[in-house]
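All residue numbers in this chain count up from 1 along the given sequence.
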Amino acid sequence: SEGIVLSEKVLEVDSFLNHQMDPVLMKEVGKEFARLFEAEGITKVLTIESSGIAPAIMAALELEVPMIFARKQKSLTLREDIYVEKVYSFTKEQSNDVTVSKKFLFPNDRVLIIDDFLAHGEAALGLARIAEQAGATVAGIGIVIEKSFQSGAQRIKETGYRGESLVRIASLADGKVTFATEETVH
């Protein structure tokens, strides 16, 4: 009810997820991701800055494991010994080299990737490639809001990863959010 449809492809959720955050909602999101992936032996939660941090830290808190966020901007403290992947943002219409320090991901890690939105799957699959560079296992991908009418969920499925979305949107047509039912999800 608080989401604002900006176009048939863009939903603004600044009031509770992408700018202002609802901590009670984020706590519940974290609990649900922990419940969905509790049997996967997760050792690390991985996300991308900045909107993925809140749901990821809450999931990590529930799972009692560290959370790592990939940086989009170059950091003076992260110059060498990093994993790098190029990720295209359709919302911002730009590519970023996202980086994670090699100090935090290892071959024995079982990684849960968390992202706020799933559209084309660029961020989630970029994070999966980073985990794979480390030799880690991607144990699952958790998405807060999936735009089911775009290709991301299908791309994740085609790679063989387990993807779980808490909310699936079938359409943003006519300025309104239409939620996906099991019948509308392809």
Residue pairs, two or more places apart or on separate chains, that pass salt bridge (Lys or Arg N to Asp or Glu O under 4.0 Å) and touch residues 41-55: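 Passing the test, one end in residues 41-55: Lys44-Asp109.
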How close do [X] and [Y] get, heavy atom to heavy atom, and via which atoms?
X      : Y      : value
Tyr83  : Ile130 : CB-CG2, 3.8 Å
Lys86  : Arg129 : O-NH2, 3.5 Å
Lys147 : Ala119 : CE-CB, 3.8 Å
Ser95  : Tyr88  : OG-CD1, 3.4 Å
Val100 : Leu105 : CG1-CD1, 4.1 Å

Please output the side-chain donor-acceptor pairs of residues 5-13 that fall under 3.5 Å, not counting sequence neighbours, one pair per line with the distance.
residue	atom	partner	partner atom	Å
Ser7	OG	Lys9	N	3.1
Ser7	OG	Val10	N	3.2

Return the [atom1] to [atom2] distance between [X] and [Y], rounded to the nearest 0.5 Å.
X      : Y      : atom1 : atom2 : answer
Leu127 : Ile68  : CG    : CD1   : 10.0 Å
Phe179 : Ile145 : CZ    : CD1   : 8.0 Å
Ile156 : Arg162 : CD1   : CZ    : 12.5 Å
Ser51  : Met21  : OG    : CE    : 6.0 Å
Thr159 : Gln154 : OG1   : CD    : 10.0 Å
Leu166 : Leu118 : CG    : CG    : 11.5 Å

Considering only heavy atoms from C-beta outward, does the side chain of [X] approach that of [Y] to under 4.5 Å?
X      : Y      : answer
Leu112 : Glu40  : no
Val65  : Arg110 : no
Val144 : Val167 : no
Val111 : Val45  : no

Applying side chain to side chain contact (heavy atoms under 4.5 Å, CB included), run through Phe104 and Leu46 and close with a yes or a no. CA-CA 10 Å; Phe104 302 124; Leu46 177 62; over 6 Å; no
Looking only at atom types and distance, does a side-chain atom of Thr47 sit under 3.5 Å from a main-chain N or O of Ile114, one as donor and one as acceptor? yes
Would you tabulate the side-chain donor-acceptor contacts of residues 53-62 under 3.5 Å, counting partners in other chains and residues two or more places apart, or write 'none'?
none

Is Glu64 atom CD crowded by more than 12 heavy atoms from other residues, nucleotides or ligands, each under 6.0 Å away?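 No, the 6.0 Å shell around CD holds no more than 12 heavy atoms from other groups.
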Mind listing the side-chain donor-acceptor pairs of residues 131-141 below 3.5 Å, one per line with the distance, residues two or more places apart or on another chain?
residue	atom	partner	partner atom	Å
Glu132	OE2	Tyr161	OH	2.1
Gln133	NE2	Val84	O	3.0
Gln133	NE2	Glu85	OE2	3.0

If the condition is ring-ring contact (aromatic ring centres under 6.0 Å, His included), which residues does Phe106 pass it with, not counting sequence neighbours?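 In terms of ring-ring contact (aromatic ring centres under 6.0 Å, His included), with neighbours along the sequence ignored, Phe106 is linked to no residue.
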Could you list the donor-acceptor pairs under 3.5 angstrom formed between side-chain atoms of residues 24-35 and any protein atom two or more places apart in sequence or on another chain?
residue	atom	partner	partner atom	Å
Glu32	OE1	Arg35	NE	3.0
Glu32	OE2	Arg35	NE	3.4
Glu32	OE2	Arg35	NH2	2.6

